[in-house]
Amino acid sequence: MRGPGRGSLRSPCESGQGWRRSQTGGGWGAKGGAGRKEQLTLERTVPPPAASDAPAPEALASEAPASQEPVLDACFPEVTGLLDGMPRQRERGETDVAGTPVSRTATAAPDIRVRFPRLLRLLPTPTGTPFAFVYGAVLAAISLVAAQLDPTVLHALHQGSSTDVAHLARTPVLVLVASALWIAGGILSPYALALLFVLTALERRIGGVRTAGVFLLGHIGATLATEVPVGLAVVAGQLPASSLHRLDYGVSFGVAASLGALAGQLGPWLRWPLLALFGWVLVTDLIEFTDPLTDWGHPIALTIGVATWPLVRRRYRNRQPVAAG
């Protein structure tokens, strides 16, 4: 406790409004035995004088009464040794009022890395889209080798990989896998370019396993949907027995299903024009009717891809990063 005759002095850091000093004296009066209290309050609302006009600390100490506490200004740090007009003098070896070294928080260095264009995300990468990258590399290697083979040998390989009714009845798994290793028209065909971009875009959204599942679902589903009726028609006598050995191979059914699934991940302004454009191409092929089974297989594969929208959309939402805060 402070005794009578003692003064208290609060710094502006404690009051927040300025300097306030109160001095209380005690004495016994006649009313109720209570002492008469005198209070002196000094307020200063103007900022302290400049360093050049302020008196020396020794003079302030000598002028202050002995009964008052010394004035400590904790709001103004020590500036001894600093030069006027010289910036950044406290960056190294800076200390606080108590003399404790102050370490500045390191700022992040500016990102000077070259940002690749977003168009490069359309191409597959080993880490980002492993399924599209590996599958595309295998197809490219097979196409390059096929270009150097004798046409007779190449035709025999195509015939052995054909998903016709005869092969599906004997070795269904083998021919379904082997037929997906050939690109009709070569590595520069429209279906080869479509496979590269469509599989890459779809895998970036739903992952490699789901992308492979959509591709195989369209490839197998459209193949069976077109070849089983042929076998039934041959049994019923509506088609000749030679239809059981019809040549059928390629990746077009899988590409059509992947394109249909990818459309479900796009916005409406891009989804419906894409489906309308591809649908118009398929309808044109149906009108020409040059290859009935293939021309019917592409719309079926596209429908299979569209039917996977609920699954792939759910997977796409789960892969989205959660916003912080």
Side-chain angles (χ1 to χ4, degrees), residues 135 139 142-143 146 151 154-155 157-169 172 175-199 202 211 213-264 271-309:
Y135 186 42
L139 291 177
I142 293 177
S143 299
L154 184 59
H155 178 75
L157 292 175
H158 287 165
Q159 188 67 44
S161 304
S162 175
T163 53
D164 51 44
V165 177
H167 284 103
L168 287 174
V175 294
L176 285 172
V177 174
S179 63
L181 299 179
W182 302 97
I183 301 178
I187 195 174
L188 297 180
S189 66
Y191 280 107
L193 299 179
L195 179 139
L196 183 67
F197 295 123
V198 170
L199 289 187
L202 185 60
T211 302
V214 171
F215 181 87
L216 291 177
L217 186 62
H219 175 69
I220 297 174
T223 299
L224 296 178
T226 53
E227 293 294 342
V228 171
V230 171
L232 296 178
V234 171
V235 172
Q238 301 296 322
L239 291 176
S242 59
S243 300
L244 299 177
H245 303 279
R246 174 188 170 275
L247 192 63
D248 185 16
Y249 64 91
V251 298
S252 60
F253 290 168
V255 173
S258 300
L259 181 63
L262 177 62
R271 176 193 310 156
W272 302 117
L274 178 63
L275 290 178
L277 178 61
F278 190 61
W280 177 79
V281 174
L282 299 183
V283 171
T284 302
D285 293 340
L286 280 175
I287 294 175
E288 295 177 358
F289 215 61
T290 56
D291 190 352
L293 295 185
T294 300
D295 295 340
W296 277 112
H298 290 153
I300 294 174
L302 180 64
T303 305
I304 292 175
V306 172
T308 63
W309 282 5

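Please read these numbers as outputs of a predicted model, since none were measured by experiment. FYI, side chains are in, hydrogens and waters are out, and symmetry mates aren't considered; it's all heavy atoms of this structure.
- Distance check: F253 CZ to I300 CD1 gives 7.5 Å after rounding to the nearest 0.5 Å.
- A donor-acceptor distance shorter than 3.5 angstrom exists from the side chain of W309 to the backbone of G260, with no hydrogens or angles considered.
- To the nearest 0.5 Å, atoms CG (D295) and CG (D285) are separated by 5.0 Å.
- A perpendicular orientation is assigned to the rings of F215 and Y135, their planes being inclined by more than 60° (bins at 30° and 60°).
- T303 is linked by a side chain to side chain contact (heavy atoms under 4.5 Å, CB included) to nothing, counting only residues two or more places apart in sequence or in another chain.
- Counting all heavy atoms, side chain and backbone alike, A146 lies closest to L154 at CB-CD1, 3.7 Å.
- Taking CG from L196 and CG from L139, the interatomic distance works out to 10.0 Å, rounded to the nearest 0.5 Å.
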Report all side-chain donor-acceptor pairs from residues 235-243 shorter than 3.5 Å, counting only partners two or more places apart or in another chain.
residue : atom : partner : partner atom : Å
S243    : OG   : P240    : O            : 3.3

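- By the side chain to side chain donor-acceptor pair (under 3.5 Å) test, D164 pairs with S162, H167, sequence neighbours left out.
- With sequence neighbours excluded, the residues satisfying side chain to side chain donor-acceptor pair (under 3.5 Å) with S179 are H219.
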Report all side-chain donor-acceptor pairs from residues 226-234 shorter than 3.5 Å, counting only partners two or more places apart or in another chain.
residue : atom : partner : partner atom : Å
T226    : OG1  : A222    : O            : 2.9
T226    : OG1  : T223    : O            : 3.0

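- Atom OH of Y191 is separated from atom CD1 of I183 by 12.5 Å, given to the nearest 0.5 angstrom.
- The stretch residues 253-264 participates, sequence neighbours left out, in no side chain to side chain donor-acceptor pair (under 3.5 Å) pair at all.
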